[in-house]
Structures are given as C-alpha cells and as structure tokens.
Amino acid sequence: MAEAFAGELARQEEEINLIASENYASPAVLAAAGSVFTNKYAEGYPGRRYYRGCRWMDRVEELARTRVRKLFGAEHSNLQPHSGSQANMAVYFSFLQPGDTILTMNLDQGGHLSHGHKINFSGQLYNVISYGVCPDTELIDYEAAARLAREHRPRLVVAGASAYPRTIDFPRFRRIADEAGARLLADVAHIAGLIATGLHPDPVPSAEFVTFTTHKTLRGPRGGAVLCREEFAGKIDRAVFPGIQGGPLMQQIAAKAVAFQEALQPEFREYQKRVIKNCRALAAALIGEGFRLVSGGSDNHLLLVDLRGRGIDGREAEEALERAGICCNRNLIPFDPLPAKRTSGLRLGTPAVTTRGMGEGEMESIGRWIAEVLSRPGDGPTLARVKKETRDLVRRFPVYRKN
Ligand code: DSN
C-alpha cells in the first residue's frame with residue numbers, strides 16, 4: 001500500500017491529466033474525506049437518524065446542504081448519493097415505474113450509461129428512447145428530441161451528457177418535456193462547476209431535478225448530489241434512503257461541505273473562467289495542427305478530437321499519449337464507425353491542468369505534443385523526447401508537492 005500510495009501521488013504529479021471528468025481536490029477536501037467521519041453510521045437525515053451519536057453528523061450534513069443550495073440556488077438537496085449514477089437512480093425511483101418511458105441522450109453521441117444504456121440498470125428497467133446530435137452540426141438535435149417526445153410521451157426527459165463540448169439549452173428541454181407532459185432531469189455532472197459560477201446557463205429554473213457529481217469541474221470529493229424542487233423533497237429523500245442506500249458516507253459529505261465552501265469563493269469563478277479559456281486554447285492549438293474537433297470546437301471544459309483519417313484509433317492514441325506523459329481517454333464520437341473499445345475519438349478536458357496553474361501558453365505546447373505523438377505513435381525516440389518535455393513542464397506546476 002505504501003508503494004501504491006507513493007506511486008499514485010508521483011503519477012498525478014508527473015502526468016499531464018487531460019481526463020475531462022477528473023480534477024485535483026484541495027488538501028482540505030482530502031483531509032475531510034480521510035477524517036474520523038468515516039467511522040460513523042448515520043442512516044437517516046439530520047434530526048432523524050437511526051443511530052445515536054450523530055450530533056456532529058447532523059451539523060456536517062446541514063452545512064453541506066445549506067452551502068450547496070446557496071451555490072446553485074436550489075430549494076432542496078440530497079447529498080447522500082455515493083455517485084452520479086445513484087443520484088440519477090434516486091430521481092428515477094422517486095416517481096418512475098419499471099417499464100415507463102424515458103427520453104435521454106444516446107451514450108454513443110455524448111450521453112451517460114445511467115441515461116438508459118442497455119447494459120445499465122436504467123436501460124433494463126425503463127423503455128428508453130434516445131435523441132442525439134445532428135449529423136452536420138454535431139449539436140444536440142432539439143427538433144428530433146421534441147418529435148420523439150411528442151411521439152413516445154416519456155414520463156421523464158433527461159438532459160445532460162458526459163462527452164458534449166457545447167452549451168446545453170435547458171429552457172428548450174423544458175419546453176420539450178412540457179409538450180409531452182414529462183418531468184425534466186438535468187444531469188450536469190460534467191459542467192457543475194461552470195454552472196455554480198454562472199459560466200454555463202443554469203438548469204435549476206428549468207428542471208424539476210438536477211443531479212451531478214462533486215469531483216469533476218466542481219473539484220470536490222468523489223460523490224453524487226441531487227437538487228430538486230421542494231415538492232419532490234420527501235420523495236427524493238426516501239428514494240436515496242432507504243430506497244437505494246443504507247448508511248451515508250459521512251466523510252464524503254464532510255468533504256462535499258468543504259468543496260462547496262471553496263466553490264462559493266470568488267477565486268473559484270476565476271478558476272472556472274480559466275478552465276474554459278484553456279479549453280479554447282487547446283482547441284485552437286489542435287485545429288492549428290490539422291485536427292478536426294467534433295462540432296468544430298468547445299464552449300465548455302472539454303473537446304472531442306476526431307481521429308478518423310489519421311491512421312490511428314482512440315485506443316492506440318491514448319496508449320501512445322500515456323507513454324509520452326499525457327493521460328486522457330478514448331471516446332466515441334457521433335456516428336462512430338468503431339466500437340467503444342477502440343473508438344475514433346479522444347476526449348480531452350482542462351479542469352485538472354488548470355487547477356495546477358497551467359495557462360494558454362501551456363495548452364499550445366500540449367496541443368503540439370499531442371500532434372507529434374499521434375503522427376508518430378510507434379516512434380520510441382519521439383515518445384521519449386515528448387515525455388521529457390512533459391515532465392519538464394509539470395515540474396513547474398506542482399499539484400500537492402511543494403518544490
Ligand atoms: N465516468 C465519467 C466520465 O468520465 O465522464 C462519467 O460518469
């Protein structure tokens with residue numbers, strides 16, 4: 001364990017992390033997640049627990065709930081879901097019956113497993129109708145989504161994605177849901193940090209339910225969250241506990257409280273602005289190197305590189321980049337001819353590199369290194385040289401180590 005701990009810390013310091021869903025939590029968040037709160041059972045909710053000795057648990061969960069409501073301007077919150085999938089499950093279980101119809105974004109075009117993929121519980125329990133993106137613009141096809149909603153009359157419309165580089169029009173989804181008499185869930189896991197700081201349009205006024213994870217752009221501990229309107233508070237709370245979970249992970253809820261306080265500070269908004277700026281700079285650098293990006297660019301923290309016609313698939317690309325010190329993940333692109341194990345795309349994001357202080361100049365260098373590696377993925381000397389250059393760069397931007 002000592003070796004794995006030291007090794008992972010070194011890996012996080014030494015690699016350029018472009019995984020769009022990852023970030024580096026602050027030492028305060030890490031301390032809370034590793035604290036004595038891990039020792040306590042606290043089934044129930046503040047003031048209504050099934051165990052004694054919960055007075056500090058109540059304080060922690062109340063603090064976390066108050067802060068998240070302030071951050072997002074929400075009426076009610078539940079911070080007990082262990083993950084984003086469980087947050088979504090809580091919303092589904094709060095009012096859907098098995099066999100009900102839901103309308104969600106196709107995983108192959110940017111959606112998420114828990115939005116009804118056939119190998120996920122959501123795809124097995126519900127009748128899933130999928131919308132996607134327009135083949136020409138690669139932007140969400142709202143017209144098609146509206147048509148499908150009129151035709152299939154879903155009980156729930158899910159708006160949100162894990163690989164969509166553009167702004168999501170939540171009022172438009174509200175209208176689509178209303179026309180079908182459906183409720184709306186906005187799953188904003190990826191863009192929660194941008195929303196909390198007003199840098200992406202706010203889903204809270206449009207959707208009955210908003211779910212997210214706390215460890216992506218929001219830069220907190222691993223975990224999930226549900227926001228909802230007061231009228232659904234009881235149903236959501238019962239769906240989480242005792243519906244799908246037992247004891248909450250109180251150390252994670254404590255760490256969420258710390259992260260929300262950090263996110264309420266003015267510096268956090270400046271950080272999110274830099275995340276977007278860096279993503280645009282990385283997009284420009286890659287376009288300058290001749291790459292095609294899905295939808296032509298990015299409005300948020302991530303972008304998708306289309307590798308078709310470059311003689312390399314997503315898996316080969318991520319492997320070569322890792323050997324050169326750049327960590328990222330392959331991703332399906334819309335209408336991808338390859339399966340998920342290979343893919344024709346790479347998903348790149350800037351939350352983590354921005355946390356360590358990198359800026360637009362560094363994004364330019366990273367874009368150049370990516371181009372060099374992907375044009376000669378089997379060339380040992382090129383990979384070794386780029387690895388040395390990436391190491392030299394990251395040493396100037398320590399994450400946790402003090403140089
Ligand atoms: N696995 C996450 C991502 O990388 O986007 C989604 O839950």
Side-chain angles (χ1 to χ4, degrees), residues 12 15-25 79 81-92 104-123 128 130 132-133 140 158-166 168 185-195 200 203 209-226 244 249 252 256 259 275 279 282 294-295 298-305 314-315 317-318 321-322 326-334 336 340-343 345-355:
Q12 291 190 20
E15 286 181 353
I16 293 177
N17 183 7
L18 297 178
I19 293 181
S21 48
E22 293 184 6
N23 213 325
Y24 306 106
L79 295 171
H82 303 329
S83 71
S85 289
Q86 277 163 295
N88 288 339
M89 187 186 246
V91 172
Y92 300 157
T104 73
M105 188 159 179
N106 199 329
L107 177 76
D108 300 354
Q109 300 190 16
H112 187 256
L113 278 173
S114 65
H115 297 179
H117 195 273
K118 59 181 184 301
I119 56 171
N120 183 265
F121 80 91
S122 52
V128 181
S130 299
V133 299
I140 290 174
V158 182
S162 56
Y164 185 66
R166 295 300 187 175
I168 296 177
L185 160 62
D187 176 348
V188 300
H190 264 263
I191 51 176
L194 304 179
I195 289 167
H200 185 289
F209 309 98
V210 175
T211 56
F212 55 94
T213 46
T214 45
H215 50 272
K216 298 187 174 90
T217 47
L218 206 47
R219 207 165 64 182
R222 302 198 80 77
V226 183
I244 58 175
L249 305 178
Q252 296 306 103
K256 287 172 188 174
V275 167
C279 196
L282 184 59
V294 169
S295 82
S298 172
D299 300 327
N300 56 26
H301 64 298
L302 69 81
L303 55 87
L304 286 168
V305 184
R315 189 165 72 190
E318 66 180 7
L321 287 167
E322 187 170 11
I326 297 174
C327 192
C328 63
N329 67 286
R330 67 179 181 275
N331 213 97
L332 292 167
I333 56 172
D336 203 320
K341 285 201 170 121
R342 296 207 75 88
T343 84
L346 276 182
R347 186 185 67 165
L348 307 178
T350 50
V353 286
T354 307
T355 292

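All ligand and atom numbering here is 1-based and tracks the order in the structure. These numbers were taken from a predicted model, which means no experiment stands behind them. Counting begins at 1 with the first residue of the sequence.
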* Go through the structure and list residues passing ring-ring contact (aromatic ring centres under 6.0 Å, His included) with F209, not counting sequence neighbours. => F95, F232

* Nearest atoms (heavy-atom pairs only) where N300 meets C279 -> O-CB, 3.3 Å

* Please list, chain by chain and in numerical order, all residues satisfying side chain to side chain donor-acceptor pair (under 3.5 Å) with N23, sequence neighbours excluded. => Y271, T355

* Shortest non-hydrogen separation from G220 to A259 and the atoms involved -> CA-CB, 3.5 Å

For ligand 1, which of its N or O atoms have a protein N or O partner closer than 3.5 Å, and how long is each gap?
{"residue": "ligand 1", "atom": "4 (O)", "partner": "S21", "partner atom": "OG", "Å": "2.6"}
{"residue": "ligand 1", "atom": "4 (O)", "partner": "R347", "partner atom": "NH2", "Å": "2.8"}
{"residue": "ligand 1", "atom": "5 (O)", "partner": "H190", "partner atom": "NE2", "Å": "2.7"}
{"residue": "ligand 1", "atom": "5 (O)", "partner": "R347", "partner atom": "NH1", "Å": "2.9"}
{"residue": "ligand 1", "atom": "7 (O)", "partner": "H112", "partner atom": "NE2", "Å": "2.9"}

* Between S21 and R347, do the side chains contain an N or O donor and an N or O acceptor separated by less than 3.5 Å? -> yes

* How would you list, by chain and number, every residue that makes a ring-ring contact (aromatic ring centres under 6.0 Å, His included) with H115, sequence neighbours excluded? -> H112

